[in-house]
Every structure is written in structure tokens, then in C-alpha cells.
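Reviewing the structure listed below.
Counting starts at 1 for both ligands and their atoms, following the listed order. The figures that follow rest on heavy atoms only: side chains count, while hydrogens, waters and symmetry mates do not. Along the sequence shown, the residues carry numbers beginning at 1.
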Amino acid sequence: MNETETKIKALRQELEKHNYNYYVLSAPTIPDYEYDERLRELQAMEDAHPEYADPHSPTRRIGSDLSKDFEQITHAYPMLSLGNTYSEDEIREFYNRTMRLLNEPFEIVAELKYDGTSISLIYDQGRLTHAVTRGDGTRGDDVTANVKTIRSIPLKLIGDHHPDTFEIRGEILLPWAEFDRLNKEREEQEEPLFANPRNAASGTLKQQNPAIVASRKLDAYFYYLLGENLPAATHYDNLQTARTWGFKIPDVIRKCNTLEEIFDYLAHWDAERKNLPVATDGVVLKVNDLRQQRNLGFTAKSPRWAIAYKFQAERAATRLNSVSFQVGRTGAVTPVANLEPVLLSGTTVKRASLHNADIIEGLDLHIGDYVYVEKGGEIIPKIVGVDTNARSTMQTGEKVRFLPDCPECGASLIRPAGEATHYCPNESGCPPQIKGRIEHFVSRRAMDIRIGPETVEDLYNAGYVQNAADLYTLTFPDLLRLERRAEKSAQNLLDSLEESKSIPFERVLFALGIRYVGETVAKRLASAFLNIEQLREATFESLMQVNEIGERIAQSVLNYFADEGNLSILGRLQASGLQMAVGEAAQSSRSDKLQGRSFVISGIFAHHSRDVYKALIEQHGGKCTGSVSGKTDYILAGDSMGASKLEKATKLGVTIINENEFLNMLNE
Ligand code: IVH
């Protein structure tokens, strides 16, 4: 081994150790920035020396941008499910049956039942070779590339006391904190929310883009070792050994020797699980001894040596009074159930999300129905069923159907192919969409303009503000004319509009409210394209090259810039002096090259809109007027410029320039 190779290997080993400390032990020994620095160092060395590449290097966890359909892999051992029970009686039965069948002393291992998506990992010579989903139990999807991005999963095992090949099974989970963050982000983008961390985890695992998977911070806990040469004769000891190889094995597993110990465990975790970072939905009980497990064997569906006890989700029955439909900023229409108020896990529930048309249809909902509301692992309570027995004894109302038209503006709703969400397509004429966009624009994380939803409403109703650009044309008298508006608050609003002109480009980009362009995407776009002109000219391909930007976002950006209305708003915002370029570029996009020059813009242009040209002239110190006079210095002429203007200009001897000449003027 030469020096470079030795260095690369040492770095990999060191980084794996830090990964383990951080993700498995939750006890990092170096600061994050040092870790990042070393990872970058390794990446640089690997780039320079592709001959020492290793698919198991820590740098490979970031995930490539390759997208492909998943291949199917047949499980060496089928992935069975467990018998479920909800009662202590059935646990007693399981215990007594096991005693009868074994006819000798036995031990039970109690562990938590994690509520994520199951995964089977295959290791060969200490390296992760395949990660396969449960699929239909016999065959599953090969999701290795995605699973490799999960930091707590060892790509290479610690030490060398492990079987040559083995399988380990566990649960992939999205921790609560990540789930909340992800849903908040989706709410901002008005994308459908994940109902619970389980859906979020399985949805993430099936993503075609490993970079997205990497960004979601999944975790994985393991609970089942399989293979020919396992290290120990009991389930418990196997798991303890697997922990030393680098796997995250829950430390809340217990050996129980009596039914009482089992019941104590159930009672303890039914309450205590609320404090765990991940979702659990029950307890799994397993016979500890592997020989005894073999003796007990399997039924067609599940092992006789294990059983799952499910915690009771808190649920209540109440009447469905009505269903309302809410139209959001992007036109997404959300059905909401209005319920007879009912107490559920300490809070009064009055409303529940119905998510989409499919859910309503699946429940066959009728107004007046008695519905079951549950607050399991969910933030928003959900309707899990209808008491159909109650229907025969009660007067129920009409079947709930999704609206055909927008409840706010009357436009026909559309449901894009492959999506569950209905949208109102009337972006420029539907009041909640217009107001929602303005509210988003002024929000704290966007332009941070001190104006509340009521004022937006007032300004909209008074006809002053139809879009973000109109905000910058507001005058002091306009604001005073608005009801209830004191001088002080009017001045306050004008001041904060003025201050917003120094908000950085990336936040302006976020404020525009381009669908799917959240804060992170806006940052990426800003640093990739530097200014609004280049972003406007970006192609599908160039957008796709940006990290974390996929087809859906790229298409949405193209759609935004293809809309004349958007371009006009953008041009006016630019003319108002908002930051339309990052840092230094923002500086260089301003000058006094056109100081004292007066322009008239006329005709249609190929490169930029009239608004952008107006903005450019003003940014460089020039002035724009509407009609040609003796004071006009230049006419910026596009195609089909008006004949009368042309005649007047020639008579007055005004210089006529086309857009290329104009742009050259700025570049000189
Ligand atoms: S043992 C043959 N242990 O529950 C038994 N499963 O219905 C193998 N699960 O597919 C599974 N926590 O996805 C086992 N501590 C645990 C578990 C657990 C969650 C899931 C797993 C399995 C399903 C069984």
C-alpha cells in the first residue's frame, strides 16, 4: 500500500468511527464542522485517485443522483408478519400455549414494536451488499442505494467476528422531529402532508433519488438476526453481539421469566413510549432460545414463537356535521371534516383533515355519520372509520362528494394525473390564492414586511393590492384612506417595505411563491444561477443539474417564467429595487452608467420583458417615460414599435437602439 492509499483508508476508518459515535451511540467526539472537513478531504482524495474507489466509502452515503426503477430480490428467508393481539388475555394464552408445546422452562424477550417500514439487510464479508424491502414477503424491492444514505446503518461492520454472510432485519423510521420538520416544509409548499411517520418513512425509501432520501434523515433500529452461523444460541445474545458490530439495537429490550414481568413491561412502555424519538405501536414478545424457536416453528403466516401486542390507539366516536373545502395559496383544495366537539387524549377535537377525494370515497362518508376519530401517531386527528351500524338507526344526510368547482371562485377544479389532490387552476383570479401569495410574500421568512393577514385582506378588498408588486406602489394617503389605519402604522408599513429592498435574493426567490420552491430550493437556485435573468433563462437540463432539484421542481420553475403575468410582476419588483442577484452580483448589477439619460421603451422584445428593461434602466441610473419628447435620449425599440412613435422620434432626432445594443451599453 502506498502513502495515498493508506491515508484514504485511514480517513475512511476514522469517518466510519465518527458516524457510529454520532448516529448509533448519539455520542459524537468531534464537532460537526470537523467531520465535514474530513469528509471533504476524503472526497477530494477519492476524486484525485479513482483507482482507490470503494462503494462502501463514507462518501458514498451522500447518494448519487442516479434514478432507476427498483429491482426485485427474492428473500432467502421469507419476511413474515406477526400475530397481533390487543388484549392481555391473548398474551396469557400465548404464554400458556408456549409452555405446553415446549414442556420445559423458557425465557421471553420483550421489545418495542417500531412503527416504520421493515427492511432486510444482507452482509457479505462484513459489508452491506443488499437492502431489500418486505414487498409481498417473498420478494421485495432492492433499495440498497437509498438505504446506504442512512447514517446509522453500518456499510462496513466493526471488527471481524461476524459470520461470512448473514441477514439482519429491522425497521426504518423517520424520527418525530424529522417528521414534523418535513411536514412543516410540505405545508409551506402546500404539498400533501404525510399522515404519520410510517408513511413518510416508506414513501422516502421508495424515492427514486437517493439524494432526497439522504436529506430526510431516516434512522434504523434492528431486531432480528438470520443466518447459518449466528454468534449465539439465543435471540437476546445475538442482538447484543450485533450491537458490537455497529448496528443500532434498541437498549430497551428485556428478558422476562414470568407473565408478570411481561405485563410490567407493557404497562411501562404504553406510557413511556411517548418520550421516545420514534413512533412505536406495541410490544413484540419472542421466545429467546433459538432451539426452542425451531421446535415451535411457523404457521403459514407467522412464527409460533412470537406475538405482537398492539397498544390501543386513543379513539373517540362523534358526529360529522359538515365538510368544508379550503383553498390554499397554490390552489390545492383540502377537505376538512367539521365534527361535533369530542374529547380525545386531553384535547377537544372539532375538525379533522379528510386529506383528499380518495379518502372520502374510501370511507363512504355521509353527513350525520358517526365517525371514529383517532390520534395515533398523527399530528392532525384523522377519521379512521364510520359506525355503519349507527346508520340504520339514524337519519343520515347526503353522501359527501368532492366539489367539482372551486368554492371561492367557481372555476372547475382539476386533479392532475397520478395525484390525489384537487387544484383550482384560476391562479390569477381566485381570491384565496391571490391573498395567500401576498401573505406568503410578506411573511417573516420571506420579505419580512410588517403587515398582517387582515391588512392584506383590506388592501385586496380596497383594490390597492392584487399582487406583490402592487405593495411597492402603496402611498401614505392610500394607507390612510384604509379604514382604521393610523398614521403611525401606515408609516411603519412603508418603512418595512423600504427595508425589504435589502432582503437577499434567495429570500426574494422564496417569497415569489413558485410552487415547490421552498427555502432550501430557493437557496440552491440562487447560488446556482446568481441572478434572476440567468434563472429565467435556465433550461430544464440546467435546472436538473442543481443538487436536490428534480423534474417536478424544474418544470415548476419553467412554468413560472413562462407566465407573462409573473414576468410582469417580477419586472416591477425589480424596478422597485428588490435584490434580484446574490451578493457581489447584486452590487455589479447597479451602476450610474445611464445617469441622466431618458428612455422610452416601445415594442416587443426577445430577451427580456419590458418590465425587466425598465428595471435595468433604473438600476443603472436612467429614467423611463411613456412618450417621446425633446428630452428623450433613446428609444429602446423592439419588434412592431408603433409607427407614430417612430415618426416622432425621427423628427426629434432621438437615437433608436435595439435590445442587443442596449445590453451592450450596460456591459461596456
Ligand atoms: S420481529 C418473524 N420485532 O412488525 C418475525 N418485528 O408484524 C419478524 N416490527 O414485519 C419480526 N418492531 O416490520 C419484530 N421488535 C420487533 C418489531 C417488528 C416492529 C414490525 C416488522 C414486522 C412486523 C410484524
Side-chain angles (χ1 to χ4, degrees), residues 75-86 90-91 94 98 108-121 131-141 143 147 150 153 166-175 196-202 204-206 218-227 230 234-236 238-240 242-243 247-256 262 265-266 268-270 272-273 276-290 292-311 313 376-377:
H75 293 295
Y77 308 87
M79 278 180 93
L80 300 174
S81 63
L82 291 172
N84 274 338
T85 146
Y86 291 89
E90 284 179 79
I91 289 181
F94 164 77
T98 306
I108 291 287
V109 176
E111 34 192 89
L112 286 176
K113 187 168 188 315
Y114 293 93
D115 195 12
T117 182
S118 43
I119 194 76
S120 194
L121 305 182
V132 191
T133 65
R134 177 189 162 102
D136 62 5
T138 307
R139 287 155 67 80
D141 281 331
V143 289
V147 163
I150 302 173
I153 290 183
F166 67 90
E167 248 178 273
I168 190 160
R169 291 186 179 164
E171 206 78 356
I172 293 192
L173 298 148
L174 191 71
N196 52 47
R198 176 179 6 96
N199 291 1
S202 62
T204 301
L205 202 61
K206 295 288 177 70
L218 293 167
D219 203 348
Y221 290 28
F222 291 88
Y223 45 65
Y224 191 21
L225 202 61
L226 287 136
L230 297 185
T234 64
H235 169 68
Y236 187 88
N238 275 334
L239 289 188
Q240 302 311 317
R243 181 182 287 133
F247 293 103
K248 198 171 207 166
I249 307 286
D251 50 17
V252 302
I253 67 178
R254 288 284 172 276
K255 290 191 272 191
C256 300
I262 293 174
Y265 189 87
L266 298 186
H268 176 75
W269 284 106
D270 196 359
E272 203 51 41
R273 71 195 180 105
L276 294 173
V278 294
T280 54
D281 62 344
V283 164
V284 180
L285 304 174
K286 298 171 183 170
V287 170
N288 192 18
D289 189 291
L290 299 191
Q292 292 179 335
Q293 282 189 5
R294 273 191 299 275
N295 287 343
L296 289 163
F298 295 83
T299 69
K301 279 193 303 198
S302 49
R304 275 197 204 88
W305 46 264
I307 192 165
Y309 170 84
K310 296 260 252 180
F311 295 127

Q. Restricting to pairs with a member in residues 292-304, which pass salt bridge (charged side-chain N to carboxylate O under 4.0 Å, His left out), not counting sequence neighbours?
A. none

Q) Which residues pass the salt bridge (charged side-chain N to carboxylate O under 4.0 Å, His left out) test with D289, sequence neighbours left out? A) none

Does ligand 1 have any N/O atom under 3.5 Å from a protein N/O, and what are those pairs and their distances?
residue	atom	partner	partner atom	Å
ligand 1	3 (N)	K286	NZ	3.0
ligand 1	4 (O)	K113	NZ	3.2
ligand 1	7 (O)	L82	N	3.1
ligand 1	9 (N)	Y223	OH	3.4
ligand 1	10 (O)	R134	NH1	3.2
ligand 1	12 (N)	Y114	N	3.0
ligand 1	13 (O)	S118	OG	3.4
ligand 1	13 (O)	E171	OE1	2.8
ligand 1	13 (O)	E171	OE2	3.4
ligand 1	13 (O)	Y223	OH	3.2
ligand 1	15 (N)	E111	OE2	2.9
ligand 1	15 (N)	L112	O	2.9

Q | Matching residue for Y224 among F247, Y114, W305, F166 - test: ring pair (Phe, Tyr, Trp, His ring centres under 6.0 Å) | A | W305

Q | Parallel, tilted or perpendicular: ring planes of Y265 versus W269, cut at 30 and 60 degrees | A | tilted

Q: Could you tell me which residues satisfy side chain to side chain contact (heavy atoms under 4.5 Å, CB included) with S202, sequence neighbours excluded, listed by chain and number?
A: T117

Q: Measure from NZ or CZ of K255 to the centre of the six-membered ring of Y236, then state whether that distance is under 6.0 Å and the direction lies within 45° of the axis.
A: yes

